[in-house]
2 protein chains.
Amino acid sequence: MPDSIDNLDAVDRQILAELQSDGRMTNVELARRVDLSAPPCLRRVRRLEEAGIIRGYHAEVDPVALGWEITFFALVGLESQKQTLLQAFQEEVKQWPEVRECHMIRGGGDFLLRVVARDTAHENALTNRLTSHATVSRVQTLQTIHTAKQVPGVPLEM
Amino acid sequence: MPDSIDNLDAVDRQILAELQSDGRMTNVELARRVDLSAPPCLRRVRRLEEAGIIRGYHAEVDPVALGWEITFFALVGLESQKQTLLQAFQEEVKQWPEVRECHMIRGGGDFLLRVVARDTAHENALTNRLTSHATVSRVQTLQTIHTAKQVPGVPLEM
DNA sequence: CGAGGCCATGCAAGGATATTGCGCTTGAAA
DNA sequence: TTTCAAGCGCAATATCCTTGCATGGCCTCG
């Protein structure tokens, strides 16, 4: 099993909490915060990375500043629940750069997508592309007009 | 205006693309990729940070490995669209550590939340807390059973 | 057309950080 | 008690970050 470690102690969790909130912190600073010297701290980070518990590090960018004015979620229902068609739909949207997330929803044949668009016209084009897709029977668009909270990952402050 | 810069050239966008995909890359490596020497590269990164175009850096962790077995989205409808009540709801869920994202949806009185839970019982407790909230009239739970695509931020590979 | 100023770059030096090897302590099991 | 494995800190080296400074392109204005 590449991910998950038998033993994950309080120091590991604190490392994860710190890196989840500031992924570019230097190892020296991280070591100081978890009250360890630098080498064992770095070894723990490497271990968490290799175990797959840390999947990567990402800069969080401002979508609007980069020309992506619209973020919306699309609740997509497929006509069929056949495994091959579900798979085909996922493979399709995986290749759309504007689709940033694609989650299969419990209950069968539904997906929730997070999508970004440059403007309203672009948004319409994207929803049309979804609607006109062969296996899609229904698309509900949930356009974000304000984000009150946006924190990464999971709670770790315990 | 603290965020947005008048001029954002191809090198800046490439820097953002690289850091969005690997936020812990060293500046030397980043400079090599965008074909710059280290000092001007670092100055550009600092400029993007101070302009608010880079909002932060985060480690991406594995929720299941850390005991958060369930990720679900909640589509919450409020009874009223009064500004003070919308505000109150947002302030409320901001304080719930399990609620990681709260987006106000166009159309009035609806929110889309991303929520994590330790198990099914925990999930039920959270949805009940939502449903029983004074101003909430309707909660639709969209439980994720599989994530086909999950990439951060916005498209930048152009 | 040329001089000046602005902006961004590259080079170089120092200080800080990352990374490896090694010896030590600790705690559990034989 | 002895043994062993896991994890720590220290020390040394390699790498990286950061700042100051000089150079060159480019636009503007005289």
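In the text below, chain A, chain B and the rest are named by the order of the sequence lines, each starting its count at 1.
- Crowding of A:Asp35 atom CG: a count of heavy atoms from other residues, nucleotides or ligands under 6.0 Å not exceeding 12.
- Other members of the cluster containing B:Phe72 are A:Ile145, B:Ile70, B:Val76, B:Leu78, B:Leu86, B:Phe89, B:Val93, B:Trp96, B:Val99, B:Met104, B:Phe111, B:Leu113, B:Val115, B:Leu126, B:Leu130, B:Val136, B:Val139, with ILVMFWY side chains joined at under 4.5 Å, either directly or via other members.
- Between atom NE2 of residue B:His122 and atom OG1 of residue B:Thr120 there is a gap of 11.5 Å, rounded to the nearest 0.5 Å.
- Atoms CZ and CD, from B:Arg33 and B:Glu18 in turn, are 4.5 Å apart once rounded to the nearest 0.5 Å.
- A cation-pi arrangement is present between A:Arg24 and B:Tyr57, with the terminal nitrogen or guanidinium carbon under 6.0 Å from the aromatic centre and inside a 45° cone about the axis.
- Salt-bridge check for A:Glu50 with A:Arg47: failed, with every basic side-chain N at 4.0 Å or more from each acidic carboxylate O.
- Between the P atom of C:dA18 and the CD atom of A:Glu49 lies a distance of 12 Å, rounded to the nearest Å.
- Annotation for B:Leu85: hydrophobic cluster partners, listed by chain and number, are none (ILVMFWY side-chain heavy atoms under 4.5 Å, direct or chained).
- Taking CD1 of A:Ile105 as the start and CG of B:Leu142 as the end, the distance is 5.0 Å to the nearest 0.5 Å.
- With a heavy-atom cut-off of 4.0 Å to chain B, the contacted part of DNA chain D has its first and last nucleotide at D:dC16 to D:dT19.
- In this entry the distance linking CG of B:Asp12 with C1' of C:dC7 reads 13 Å, nearest Å.
- The distance from atom CG of B:Leu42 to atom C1' of C:dG15 is 15 Å, rounded to the nearest whole Å.
- Taking B:Pro97 as the reference, A:Pro155 meet the side chain to side chain contact (heavy atoms under 4.5 Å, CB included) condition, with sequence neighbours excluded.
- Here the straight-line distance linking atom CD1 of B:Ile54 with atom CD of B:Gln20 works out to 10.0 Å at 0.5 Å rounding.
- The stretch residues 20-37 of chain A comes close to DNA chain C through A:Thr26, A:Asn27, A:Val28, each having a heavy atom under 4.0 Å from the strand.
- One finds a salt bridge joining B:Lys94 and B:Glu91 here, because a Lys/Arg side-chain nitrogen approaches an Asp/Glu carboxylate oxygen to under 4.0 Å.
- B:Arg43 comes within 4.0 angstrom of a nucleotide base, judged by non-hydrogen atoms across all strands.
- Taking five base pairs at each end of the helix from C:dC1-D:dG30 to C:dA13-D:dT18, the local helix axes there meet at an angle of 10°, rounded to 10°.
- The CG atom of B:Asp9 sits 10 Å away from the C1' atom of C:dA8 (whole-angstrom rounding).
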